[in-house]
Undergrad: 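This is the structure, below, for whatever I ask next.
Keep in mind the model is a prediction, meaning the values are calculated, not measured.
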Amino acid sequence: LSAALEQGHSEALQEYLGTMARFHRYSLGNLMLILLQCPHATQVAGYYRWKTLGRHVKAGEKGILILAPVRGQVPSRSPRAEANPEDPQPAVESIVAFRAAHVFDVSQTEGAPLPQLATATGDPGEHAERLRGLLRQLDIDLQYSDDLGTADGASGGGLILVRSGLTAGEEFAVLAHEFAHEMLHQGDRRFTVPKRVRELEAEAVAYVVSEAIGLNT
């Protein structure tokens, strides 16, 4: 990635990061509100924010209620102001109230696709069954789940979970990633190697294997 960026090949990364920058971060309270109303939500934004991203809210969709801060000017509460209450002090901007606002999950919108990273397209063909056969040979159990949060896969030492409903190419790449964890990050390395290094190693393995069989990663 560093070499590609140094050569100027950064368009895809810039597009992805630019899109991510347009999504607000939400407080814990608002995250809970979103979860209660739309448990499957992954990326949420307001009506007009979606328009700037080239998407629009589908007709009939119900907004997800959150609390938006209202900012206003309030008197300064600095030690100087408290010591001299009669002195005019500049007002400072602060949150003075909250109002109801509505956001929409990406599943409630349609339009231009959002840029993504770490996807794999193509048909792994017989290689998919060969990989699953290798798991069976090594007594690694493979299961499919709809309850993985935002992850597409997970490795638990002798058990690999893969999100249900992935395309054939995506499933192969995820399976290769989690298989790399099984081979590289059990035992002592699971605790001595930082997570960011473990993820980099697993993603590198998935990339090489997927590219080698002809997937577009």
Undergrad: Keeping Gln43 on the side-chain end and Val106 on the backbone end, is there a donor-acceptor pair under 3.5 Å?
TA: no
Undergrad: Can you list, by chain and residue number, the hydrophobic cluster partners of Val197 when the side-chain cut-off is 4.5 Å?
TA: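 Members other than Val197 - counting any ILVMFWY side chain reachable under 4.5 Å - are Val193.
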Undergrad: Just grab all the side-chain hydrogen bond (donor to acceptor under 3.5 Å, both in side chains) pairs involving residues 29-42, residues at least two apart or on different chains.
TA: His40-Ser107
Undergrad: Determine whether a donor-acceptor pair (N or O, by modelled atom type, separation under 3.5 Å) exists between the side chain of Arg55 and the backbone of Ala112.
TA: yes
Undergrad: May I have the step-by-step check of side chain to side chain contact (heavy atoms under 4.5 Å, CB included) for Thr109 and Lys58, ending in yes or no?
TA: CA-CA 5 Å; Thr109 68; Lys58 300 175 187 176; 5.7 Å; no
Undergrad: Can you list the residues that meet the salt bridge (Lys or Arg N to Asp or Glu O under 4.0 Å) rule with Glu201, with sequence neighbours excluded?
TA: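 Testing Glu201 for salt bridge (Lys or Arg N to Asp or Glu O under 4.0 Å), a comparison that skips the adjacent residues, returns Arg189.
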Undergrad: For Ala206 and Ala173, which heavy atoms make the closest approach, and how far apart are they?
TA: CB-O, 3.5 Å
Undergrad: Please identify each residue that fulfils side-chain contact (heavy atoms from CB on, under 4.5 Å) with Ile95, with sequence neighbours left out.
TA: Pro69, Arg71, Phe98
Undergrad: Just jot down the side chain to side chain donor-acceptor pair (under 3.5 Å) partners of Glu110, sequence neighbours excluded, or say none.
TA: His56
Undergrad: According to a 4.5 Å side-chain heavy-atom criterion applied to Ile, Leu, Val, Met, Phe, Trp and Tyr, with indirect links allowed, do Tyr48 and Leu53 form part of one hydrophobic cluster?
TA: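 Looking at the clustering, Leu53 is in the same group as Tyr48.
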Undergrad: Arg163 side chain to Gly153 main-chain N or O, any donor-acceptor pair under 3.5 Å?
TA: no
Undergrad: Could you list who else is in Ile160's hydrophobic cluster, with ILVMFWY side chains joined at under 4.5 Å, directly or through other members?
TA: Leu131, Leu134, Leu135, Leu138, Ile140, Leu142, Tyr144, Val162, Leu166, Phe172, Val174, Leu175, Phe179, Met183, Leu184, Val205, Val209, Ile213, Leu215
Undergrad: Fit a plane to each ring of His181 and His185, take the angle between them on a 0 to 90° scale, and name the class: parallel (under 30°), tilted (30 to 60°) or perpendicular (over 60°).
TA: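 Plane angle between 30° and 60°, so tilted.
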Undergrad: Hey, are Arg132 and Glu129 close enough for a salt bridge, meaning a charged N less than 4.0 Å from a carboxylate O?
TA: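 A salt bridge is present here (some side-chain N lies under 4.0 Å from a carboxylate O).
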Undergrad: Could you check whether any side-chain N or O of Glu170 sits under 3.5 Å from a backbone N or O of Thr167, counting only pairs where one atom can act as donor and the other as acceptor?
TA: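 Answer holds: yes.
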Undergrad: Taking C-beta and beyond as the side chain, do Ile64 and Leu33 meet within less than 4.5 Å on heavy atoms?
TA: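 Side-chain contact under 4.5 Å: no.
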Undergrad: Do you know the tightest heavy-atom contact between Pro124 and Gly169?
TA: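 Where Pro124 meets Gly169 most closely, the heavy atoms are CD-N, 4.0 Å.
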Undergrad: Please report the interatomic distance CG(Leu161) to OG(Ser155), rounded to the nearest 0.5 Å.
TA: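 Leu161 CG to Ser155 OG: 9.0 Å, rounded to 0.5 Å.
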Undergrad: Begin with the C-alpha distance, continue with both residues' side-chain angles, and end with the deciding distance and a verdict on salt bridge (Lys or Arg N to Asp or Glu O under 4.0 Å) for Arg198 and Glu203.
TA: CA-CA 9 Å; Arg198 299 198 306 269; Glu203 193 63 13; over 6 Å; no
Undergrad: Is a side-chain N or O of Thr52 found less than 3.5 angstrom from the main chain of Arg49, in a donor-acceptor match?
TA: yes
Undergrad: Short question: side chain of Trp50, backbone of Val57 - any donor-acceptor pair under 3.5 Å?
TA: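 Side chain of Trp50 to backbone of Val57: no pair is present.
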